[in-house]
Amino acid sequence: MPNVAFINGAFVPLGEAKVSIEDRGFQFGDGIYEVIRTYKGRPFALEAHLARLDRSATALDLTQPYSRAEWTHHVLEGIKRAAYSESKVYIQVTRGVAPRDHAYSDEVTPTVVMTVCEFHPLDRSLQAAGVEAITTEDIRWGRCDIKSVNLLANVLARQKVKQAKVFETILVRAGLVTEGAVSNVMVVQGGTVVTAPEGSRILSGVTRTVVLDLALSEGLPIQERFVSQEDLYEADEVFLTGTTVEVLAVVRVDGKVIGEGRPGPITQRLAADFTSRVG
Ligand code: PDD
């Protein structure tokens with residue numbers, strides 16, 4: 001089945017979807033994006049992703065060309081056309097095509113792109129065993145809450161992950177854990193689930209919100225505050241959350257064993273709750 005592309009209102013084969021070299025997304029990274037996956041063919045938490053797309057657009061003074069209802073229609077249509085058993089939907093809105101100048105004009109029409117590809121869920125054995133992470137200095141800009149296509153720091157961080165042959169890197173800024181390069185990070189300390197607070201230092205993950213709600217439903221105390229790199233190493237449990245990773249135990253960070261070196265009881269409970277929630 002071919003991957004589906006959507007560009008400025010029309011569905012076309014992926015190879016035919018072309019954007020101008022003067023697109024500001026290409027020249028300045030002046031754009032925003034979302035990644036949504038399906039469960040049983042239905043997009044998960046689409047409303048929350050579209051709400052975040054709106055927030056990112058507002059933060060960058062970028063005109064969002066489609067309403068939530070229109071986006072929902074296009075996303076569902078793309079998933080239908082791709083006809084995969086599970087899909088990954090990528091949405092990108094850039095400020096549009098204009099002669100190169102850092103400052104922008106209100107006249108520019110945004111470029112809207114969507115692709116729908118096959119989604120390959122993580123191997124269940126990874127979930128059972130947990131994964132390894134490293135830490136990297138968080139060198140991103142001051143508005144990590146905006147899901148911007150400016151991903152250079154994340155690109156460099158993920159390259160370190162590849163070179164180290166681990167699963168993810170946990171970003172640390174001034175000694176404090178912010179999040180993963182493509183995920184949010186939670187730790188368990190004495191039964192409390194702790195994660196970095198929403199704000200300019202992290203992307204507020206859609207999965208993060210779902211998992212915090214699940215923790216509350218389980219009666220687990222939660223705290224939204226930063227933990228130090230030392231706290232991370234000494235945590236009872238560490239796990240990642242995200243669209244592509246769901247709830248995933250981290251059992252080793254920078255070569256140091258976390259807890260018992262296997263997915264802990266709270267991570268397992270939340271992973272199971274998450275599976276029931278999406279199923
Ligand atoms: N990224 N933090 C960062 C920096 C991320 O890039 C992501 C997801 C998350 C998790 O957010 P959510 O639960 O809404 O997926 C947190 C996507 C998957 C990506 O860039 O491909």
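Ligands are counted one by one from 1 in listed order, and the atoms in each one are counted from 1 as well.
For ligand 1, the 4.0 Å heavy-atom shell contains residues Y33, V35, H49, R52, R140, K147, N154, E179, G180, A181, V182, S183, N184, L203, G205, V206, T207, G242, T243.
Residue pairs that meet the side-chain hydrogen bond (donor to acceptor under 3.5 Å, both in side chains) test with at least one member in residues 180-198, sequence neighbours left out, are E168-S183, E179-N184, Q189-R225, E198-S204.
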Yes or no on side-chain hydrogen bond (donor to acceptor under 3.5 Å, both in side chains) for D231 and S228, after CA distance, side-chain angles and deciding distance?
CA-CA 5 Å; D231 291 338; S228 69; 3.2 Å; yes
I would like to know whether R124 and Q127 meet side-chain hydrogen bond (donor to acceptor under 3.5 Å, both in side chains); could you show each step before the answer?
CA-CA 5 Å; R124 290 285 149 201; Q127 254 148 359; 2.6 Å; yes
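With a 4.5 Å cut-off between side-chain heavy atoms of Ile, Leu, Val, Met, Phe, Trp and Tyr, the cluster of L152 takes in none. Hydrophobic cluster membership of V206, counting Ile, Leu, Val, Met, Phe, Trp and Tyr whose side-chain heavy atoms lie under 4.5 Å apart directly or via other members: none, as it forms a cluster of its own.
Ring orientation note: the planes of F6 and W71 are tilted relative to one another, at an angle of 30° to 60°.
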